[in-house]
Structure formats: C-alpha cells, structure tokens
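Read the numbers this way: they start at 1 and go in the same order the structure lists the ligands and their atoms. In this chain, residues are counted from 1 in sequence order. Below, each value reflects all heavy atoms present in this structure, side chains not excepted, and no hydrogens, waters or symmetry copies.
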Amino acid sequence: MNTQFLCYMVIILLRTGLMDVGVTQIPKNLVTKKGENVTFKCDPIKGQTWVYWYQQLLEKEITFLISFQSGTAVDDSGMHKPRFSANYSQNSLYVLSIQPTEPGDSGVYFCASSS
Ligand SMILES: *[C@@H]1O[C@H](CO)[C@@H](O)[C@H](O)[C@H]1NC(C)=O
Ligand SMILES: *[C@@H]1O[C@H](CO)[C@@H](O)[C@H](O)[C@H]1NC(C)=O
C-alpha cells in the first residue's frame, strides 16, 4: 500500500459500551475507503430499552451521538453531520450509518444500552 492510499482509508472500530457487557456490535471493526457507505449494527442487552451511540474520533474524547428509547429517537443532538443517520429496524437491531465516510470519521463507535 502506498501512502496516498493510506490517507484515504477510514478506520472504524466498534466496541461494546464500556458499562454494558452484553451489547453486540456488528462488525467489530471495519476498514473502508473514503466515500464508501458504512452501516454498524447494535444488538442491545435483552430487556434494555434505552440505546445510545457514541463516537470517539482518533485522539479525541468520547462524544454522544443519539439516544433511543424503545426504538424511537429521543435525543439526536449529537448528530451534527447530515452524513450520519441512525434508526431502529424491525429485527431489533439499532443501525448507525455514515453515507459517505470521510477520513475524519476514523475512530471508535460505541453502542450502549440501559434499562
Ligand atoms: C451511499 O448511499 C447514498 C444514499 O443512499 C447513495 O446515493 C450512494 O450511491 C451510496 N454510495 C455508495 C458508494 O454506495
Ligand atoms: C434505517 O437505516 C438503514 C441503513 O441506512 C436503511 O437501509 C433503512 O431504510 C432505514 N430505515 C428507516 C425506517 O429509516
């Protein structure tokens, strides 16, 4: 791989929410190119109705993106970029999409749930 190619990669890592062992995120990590669309899925702990997405850009703090209660978006005050969207789908998975990705999106995306 040459340097220019590396510059256009977006590396996205997903981790289970720190406080919520049992949340499943799919995929666990993802390397993509600038301009691709990506979708992350989160399967919260059974019975927990609140679901949160957080973003931690490289070398930055964790910031809040959006929260849901029972599938309905409650607070989307962290979704500043129109490229980002999130929703809840019928198969009980919460979905976060970036359409399209930019190099500045590289970081860790966390899903957490609570009751
Ligand atoms: C990304 O999604 C947008 C909106 O759905 C679509 O118009 C575009 O063609 C997609 N791009 C890629 C690279 O799949
Ligand atoms: C939820 O997001 C997914 C992925 O972007 C999309 O395919 C689906 O159409 C969206 N559903 C709704 C109801 O917005």
Side-chain angles (χ1 to χ4, degrees):
M1 282 197 285
N2 63 38
T3 313
Q4 186 176 14
F5 181 62
L6 278 175
C7 288
Y8 290 126
M9 308 265 280
V10 178
I11 298 159
I12 291 164
L13 300 168
L14 298 116
R15 300 233 179 102
T16 299
L18 298 174
M19 43 218 154
D20 301 286
V21 178
V23 174
T24 307
Q25 287 189 223
I26 309 151
K28 288 291 178 213
N29 53 70
L30 175 66
V31 178
T32 187
K33 281 189 259 179
K34 176 189 170 195
E36 295 292 313
N37 293 339
V38 298
T39 296
F40 316 131
K41 296 187 178 120
C42 173
D43 187 6
I45 295 171
K46 290 269 172 300
Q48 298 203 331
T49 54
W50 284 86
V51 172
Y52 313 83
W53 283 103
Y54 297 91
Q55 174 190 54
Q56 183 171 29
L57 297 179
L58 297 179
E59 324 246 313
K60 297 276 171 63
E61 319 178 334
I62 295 177
T63 59
F64 167 81
L65 291 173
I66 189 167
S67 63
F68 289 86
Q69 186 186 20
S70 301
T72 304
V74 174
D75 181 356
D76 66 354
S77 60
M79 301 286 279
H80 304 301
K81 296 178 178 145
R83 296 181 296 105
F84 284 67
S85 62
N87 67 29
Y88 173 70
S89 61
Q90 292 85 346
N91 51 358
S92 303
L93 291 176
Y94 288 81
V95 174
L96 176 69
S97 297
I98 310 176
Q99 299 181 325
T101 52
E102 290 184 1
D105 299 331
S106 295
V108 182
Y109 291 78
F110 297 90
C111 173
S113 66
S114 71
S115 38

For the backbone of E36 and the side chain of T101, can you confirm whether one donor and one acceptor N or O come within less than 3.5 Å of each other? yes
Report yes if the side chains of D75 and F64 come closer than 4.5 Å at any heavy-atom pair, otherwise no. yes
Under a 4.5 Å cut-off applied to non-hydrogen side-chain atoms, are I98 and F40 in contact? yes
So, taking the atom named NE2 in H80 and the one named OG1 in T63, what distance separates them when rounded to the nearest 0.5 Å? 7.0 Å
Hey, are the side chains of Y109 and L57 touching, using non-hydrogen atoms and a 4.5 Å cut-off? yes
Just list the N/O pairs, ligand 1 to protein, that are under 3.5 Å apart, with the distance for each.
from	atom 1	to	atom 2	distance (Å)
ligand 1	2 (O)	N37	ND2	2.3
ligand 1	11 (N)	N37	ND2	3.0
ligand 1	14 (O)	N37	ND2	3.3

Using the six-membered ring wherever Trp is involved, compare the ring planes of Y88 and Y94 and label them parallel, tilted or perpendicular (cut-offs 30° and 60°). tilted
